[in-house]
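Please read the structure below before turning to the comments.
Computed over heavy atoms, backbone and side chain alike; hydrogens, waters and symmetry mates excluded. Lettering of chains follows the sequences in order, A, B, ..., and the numbering in each one begins at 1.
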There are 2 protein chains.
Amino acid sequence: MLIDPKSSIPIFRQIADQLRQSIFDGVFKAGEILPSLRQFAVDIKVNPNTIQRAYETLEREGIVETRRGVGVFVANSSIAKLNASQKKLKSALDGVIAQAVKDGLTPDKIRHTFEFAMREYLAEVV
Amino acid sequence: MLIDPKSSIPIFRQIADQLRQSIFDGVFKAGEILPSLRQFAVDIKVNPNTIQRAYETLEREGIVETRRGVGVFVANSSIAKLNASQKKLKSALDGVIAQAVKDGLTPDKIRHTFEFAMREYLAEVV
DNA sequence: CAAACTGCATTAGTACACTAATGCATGGAG
DNA sequence: CTCCATGCATTAGTGTACTAATGCAGTTTG
């Protein structure tokens, strides 16, 4: 795993992102145990708390499950389905982003429009 | 204009977002002058620097143009075209988001997938 | 020129996100 | 039970984004 401490992207997020991708790619399979906080921390040379934060992030997303005193495991719950949904979303977004760039929109504008659309949607639902 | 100082969204961004929308909605027309820093600041009870920050944001997006000592104006440059592109993007995103929600993806996951797609796209281009 | 308006630059204070150091609590192996 | 592994909680330090206070610089109008 590659971590860039100088990046503006927080370390815990870099870890969470790469782990999430690894799980979706099948590197870690459902039910499998993930590296312990301390072991993982030593491996990639960060503080155990930072690993913990990454695991927490993935737990909130339902991707992993924690058993205190034992370890952190890849969740058995419909990972494959989530994978399919997320891949579908990713594919759709790729197309939309490419078209937007072609239309001359800057990344900032695309991001803003996305956030605007998200907020609007959530406001409607809630 | 409604500003919520307690919001987690920075004040300058709230202002920029609402101004951008107003311009796209035709409330401020191309070439028209916007309120001065100080006047605007008094109106919505924030510091002039915060208004400045909002104007800077819109200037970087090409939506407004600044003439020092004079004022800030709605850019003459192809606002209508940008408007159309952005509306097109917004419409596409609305569809994608609705489908993603229907597929059971949470807002957090959708946001993450979007950011992932954006970074990937930018990385390719750069 | 001078006054009165513009936007801009510098500096400082505040809040918060991030990371790390350290110790506590839980669970399994012997 | 005891040991050693696990994850969790608390606290503190650091950097950075945001906001505000204040003064500087440019432009117009009389």
Whole angstrom value for the distance that separates [atom2] of [N] from [atom1] of [X]:
X       : N      : atom1 : atom2 : value
B/Arg68 : D/dT28 : CZ    : C1'   : 15 Å
A/Tyr55 : D/dG7  : OH    : C1'   : 11 Å
A/Lys6  : D/dG15 : NZ    : P     : 16 Å
A/Ile33 : D/dA5  : CD1   : C1'   : 10 Å
A/Asn49 : D/dG13 : CG    : P     : 16 Å
A/Phe12 : D/dG15 : CZ    : C1'   : 15 Å
B/Leu37 : D/dG26 : CG    : P     : 16 Å
A/Ile51 : D/dC8  : CD1   : P     : 13 Å

For chain A, the stretch of DNA chain C it reaches, first to last nucleotide, under 4.0 Å of its heavy atoms:
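Reading along DNA chain C, I get C/dC18 to C/dG27.
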
For [Y], is there any backbone N or O sitting under 3.5 Å from a side-chain donor or acceptor partner on [X]?
X       : Y       : result
A/Thr66 : A/Arg68 : no
B/Asn76 : B/Gly31 : yes
B/Gln52 : B/Leu37 : no

A/Gln52 side-chain N/O to D/dC8 phosphate OP1/OP2 under 4.0 Å:
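So the side chain of A/Gln52 is within the cut-off, an N or O lying under 4.0 Å from OP1 or OP2 of D/dC8.
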
Phosphate-side-chain proximity, B/Thr50 and D/dT19, N/O vs OP1/OP2 below 4.0 Å
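Checking D/dT19 against B/Thr50, no side-chain N or O comes under 4.0 Å of OP1 or OP2.
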
Nearest heavy atom decides the nucleotide; on that basis, is B/Val46 or B/Arg38 closer to the 5' end of DNA chain D?
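Comparing both residues, the 5'-ward one is B/Val46.
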
Take the angle between the ring planes of A/Phe114 and B/Phe114 and call it parallel below 30°, perpendicular above 60°, tilted in between.
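The rings of A/Phe114 and B/Phe114 lie parallel, inter-plane angle below 30°.
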
First of A/Arg13 and B/Ser36 reached from the 5' end of DNA chain C, by closest nucleotide:
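Checking each residue's closest nucleotide, the 5'-ward one belongs to B/Ser36.
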
Residue mapping more 5' on DNA chain C - nearest nucleotide basis, A/Arg67 or A/Ile9:
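Nearest nucleotide further toward 5': that of A/Ile9.
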
Hydrogens and angles aside, do B/Gln18 and B/Gln14 bring a side-chain donor and acceptor to less than 3.5 Å of each other?
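No - no donor-acceptor pair under 3.5 Å links their side chains.
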
Donor-acceptor side-chain pairing of A/Gln21 and A/Asp17 below 3.5 angstrom:
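On atom types as modelled, these side chains do not qualify, holding no pair under 3.5 Å.
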
Test: B/Glu115 and B/Arg111 ion pair at under 4.0 Å
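So B/Glu115 does not pair with B/Arg111 through a salt bridge.
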
